[in-house]
Each structure stands twice: as structure tokens, then as C-alpha cells.
Amino acid sequence: MNAVMDERALADLFVAPISACIADSDMFSAPLFSEEEAYIRKAIPARRREFSAGRAAARKALAKAGADVGPIVAELDRSPRWPDSFCGSITHCEGFCSAVVARSVDADGVGFDAEEAKPLGSDLYHLVCRPNDLEHFHPLPRIDGVDWPKLAFSAKESFYKCYYPSTRSFLGFRDVSVIFSVTAENSKEGTFLIILENKVKPMPRPSTDFVGRWFVHGERVYTGVTLPRA
Ligand SMILES: CC(C)(COP(=O)(O)OP(=O)(O)OC[C@H]1O[C@@H](n2cnc3c(N)ncnc32)[C@H](O)[C@@H]1OP(=O)(O)O)[C@@H](O)C(=O)NCCC(=O)NCCS
């Protein structure tokens, strides 16, 4: 990863060509299309700002990827409806909002998540992690600023954001497990494998394993999962 966290670094989270946009401060008050406006009309101002920034970032990423830019409506389940021939993912957390887009010829789906790097509360461990996740964290290296349970939370959210649009099926955190690898000793980046443990759930692919990438930069963790072309 670059020393600077920028759109190129975000694109490195994916194994397909990606257009990324990090929202700048103006995008938090960017205008919305009327279809999007209808969805967010009753929201509190903070939610409206993050929604606007996500839509503005998504439009910029779509334009970079060569798409015609129009409304990105939210489905009833909240997932964004991407233009034909494109897939994408939006994330927001304290002080940060970004969107990534891939062309459907390159990927069937992408999932992207950013979170504050502060450790996951121990009260959440057992909601987010399966016993085999916790066993796997034990021998992982201790790296300053890297909290494995928090990374697991983010990795599973990223996976869900590409799993759901291709299956329309809900997944709980304990329906999947995650196995992390670190690129080099003490580095704050690596890959992870998501394993769909709940075999009753539909599989978007014959394989039950999905590869993602992660890095920690400054105050945040970033994860990305690519659903490769079938
Ligand atoms: C969907 C979810 C992952 C989003 O997480 P969040 O805490 O709101 O965090 P983020 O800001 O990173 O992501 C929000 C964006 O995700 C996108 N999103 C929401 N629901 C989605 C879905 N079902 N599929 C794909 N993307 C979705 C939206 O673009 C949303 O932003 P918007 O409402 O402004 O458009 C979360 O709300 C959720 O439902 N989690 C439960 C399921 C889960 O994570 N399981 C993990 C096991 S694999």
C-alpha cells in the first residue's frame, strides 16, 4: 500500500480493475436526484449528509469507469441499484465516505467497508465472531493499531455487501468465518479468506471461499471483497 491513503490505495483492495472516489467536503452537501431525495426525505441531517456524499462519490466513480451518471436509487433493502453493466459499493464512517465501482465484465460484485480502527468492544466479540474465528486470531501477530476482531467485523460487512446483491439473502455475522494473512512481518495489510459456514445459505459461486484484502491506515481499517466473474 502507498504511504498515502488515496483512491489508488483503495483500488488495491480489489482483484478487479476498480474506480474509486473518496468524498471531499463539498460532496456531503451535493444535490440529489428526486428519486434519491424521496428515499432520504425524512432522515436526520447527519444521515442526509452521509447519503449525499455516498451518492456523489458513487457518481464520480461511475463516471471514471465510463458509466452514464444518473440517480442511484436505494432498493427497499437499502442496497444501491447500480447502472446496468456496473457494480459497486459505498461505505461511510466517522469523517470518511467513499465509493468503488467495477465494470460487470471484470467482476460480478464488489464489497467495500471502512471502520474506525479502535478495537471492537469485547461485548461484540461473540456476536461478530464464531469460535473458530477467535481461535484463529490467537496465533496472529500483534501489530500496533491492528485489532483482529474489528478487522473481522469489517471483512464480514464487505463480504455481505457483495454477497447480498447477488443472492438477495441475509447473512448474519456468524454465518461466515474469516481467516487473515499478513503481507509481511509487522505490515498493516494483507489478505483474508471468507468461508460461508452456513451451508443452508445460497452460494453465489460453487466455491464457498471468497478472497478479500485489508489494510489499516491512520485511524481506520479498510476491507474489500471482489466477487469474480462466474
Ligand atoms: C449493509 C450493512 C453491511 C451496511 O453497514 P453500515 O454499518 O451501514 O455501514 P457502511 O456505511 O459501511 O455501509 C452503508 C452502505 O452499504 C450499502 N448497503 C446497504 N445495504 C446493503 C446491502 N444489503 N447490500 C449491499 N450494500 C448495501 C449502502 O450503500 C449503504 O449506504 P447508503 O445507505 O448511504 O447508500 C449493514 O447495515 C448490515 O445490514 N449488516 C448486517 C449484515 C452483515 O453485515 N452480515 C455480515 C455477515 S457476512
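Counting starts at 1 for both ligands and their atoms, following the listed order. Throughout, numbering of the chain's residues begins at 1 and tracks the sequence.
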Classify the angle between the aromatic ring planes of [X] and [Y] as parallel (below 30°), tilted (30 to 60°) or perpendicular (above 60°).
{"X": "F180", "Y": "H136", "result": "parallel"}
{"X": "F210", "Y": "F159", "result": "tilted"}
{"X": "Y39", "Y": "F51", "result": "tilted"}

Close-contact set for ligand 1 against [X] heavy atoms, below 4.0 Å:
{"X": "R47", "answer": "32 (P), 33 (O), 34 (O)"}
{"X": "Y164", "answer": "22 (C), 23 (N), 24 (N)"}
{"X": "G172", "answer": "47 (C)"}

Is it the case that more than 12 heavy atoms not belonging to [X] sit under 6.0 Å from its [atom1] atom?
{"X": "K64", "atom1": "NZ", "answer": "yes"}
{"X": "K60", "atom1": "NZ", "answer": "no"}
{"X": "R168", "atom1": "CZ", "answer": "yes"}

Considering only protein heavy atoms, which is closest to [atom], and at what distance to one decimal place?
{"atom": "atom 27 (C) of ligand 1", "result": "S79 CA, 3.9 Å"}
{"atom": "atom 35 (O) of ligand 1", "result": "R55 NH1, 2.6 Å"}
{"atom": "atom 5 (O) of ligand 1", "result": "E157 OE1, 3.4 Å"}
{"atom": "atom 15 (C) of ligand 1", "result": "I90 O, 3.4 Å"}
{"atom": "atom 48 (S) of ligand 1", "result": "K156 O, 3.4 Å"}
{"atom": "atom 25 (C) of ligand 1", "result": "K161 O, 3.5 Å"}
{"atom": "atom 11 (O) of ligand 1", "result": "H92 ND1, 2.8 Å"}
{"atom": "atom 29 (O) of ligand 1", "result": "P80 CG, 3.2 Å"}

Would [X] count as a contact residue for ligand 1, given that I'm defining contact as a non-hydrogen atom of the residue lying under 4.0 Å from a ligand atom?
{"X": "F170", "result": "yes"}
{"X": "A74", "result": "no"}
{"X": "G54", "result": "no"}
{"X": "E50", "result": "no"}
{"X": "E75", "result": "no"}
{"X": "D113", "result": "yes"}

Result of checking V216, V146, V182 against S187 for side chain to side chain contact (heavy atoms under 4.5 Å, CB included):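 When side chain to side chain contact (heavy atoms under 4.5 Å, CB included) is applied between S187 and each of V216, V146, V182, only V182 qualifies.
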Quick one: do R78 and E75 satisfy salt bridge (Lys or Arg N to Asp or Glu O under 4.0 Å)? Show the steps, please. CA-CA 5 Å; R78 208 183 146 196; E75 306 287 6; over 6 Å; no
Pairing donors with acceptors under 3.5 angstrom, does anything connect the side chains of [X] and [Y]?
{"X": "S154", "Y": "E115", "value": "no"}
{"X": "Y164", "Y": "D77", "value": "yes"}
{"X": "T226", "Y": "R213", "value": "no"}

Within-cut-off N or O pair, [X] and ligand 1, under 3.5 Å:
{"X": "R78", "result": "yes"}
{"X": "E115", "result": "no"}
{"X": "Y39", "result": "no"}
{"X": "L171", "result": "yes"}

Shortest non-hydrogen contact from S98 toward C21: OG-O, 2.8 Å
Does the salt bridge (Lys or Arg N to Asp or Glu O under 4.0 Å) test come out yes or no for D106 and R103, once each step is laid out? CA-CA 5 Å; D106 296 320; R103 296 184 318 147; 3.4 Å; yes
Measuring from atom 46 (C) of ligand 1, which candidate in F173, F210, F153 has the nearest non-hydrogen atom? F173
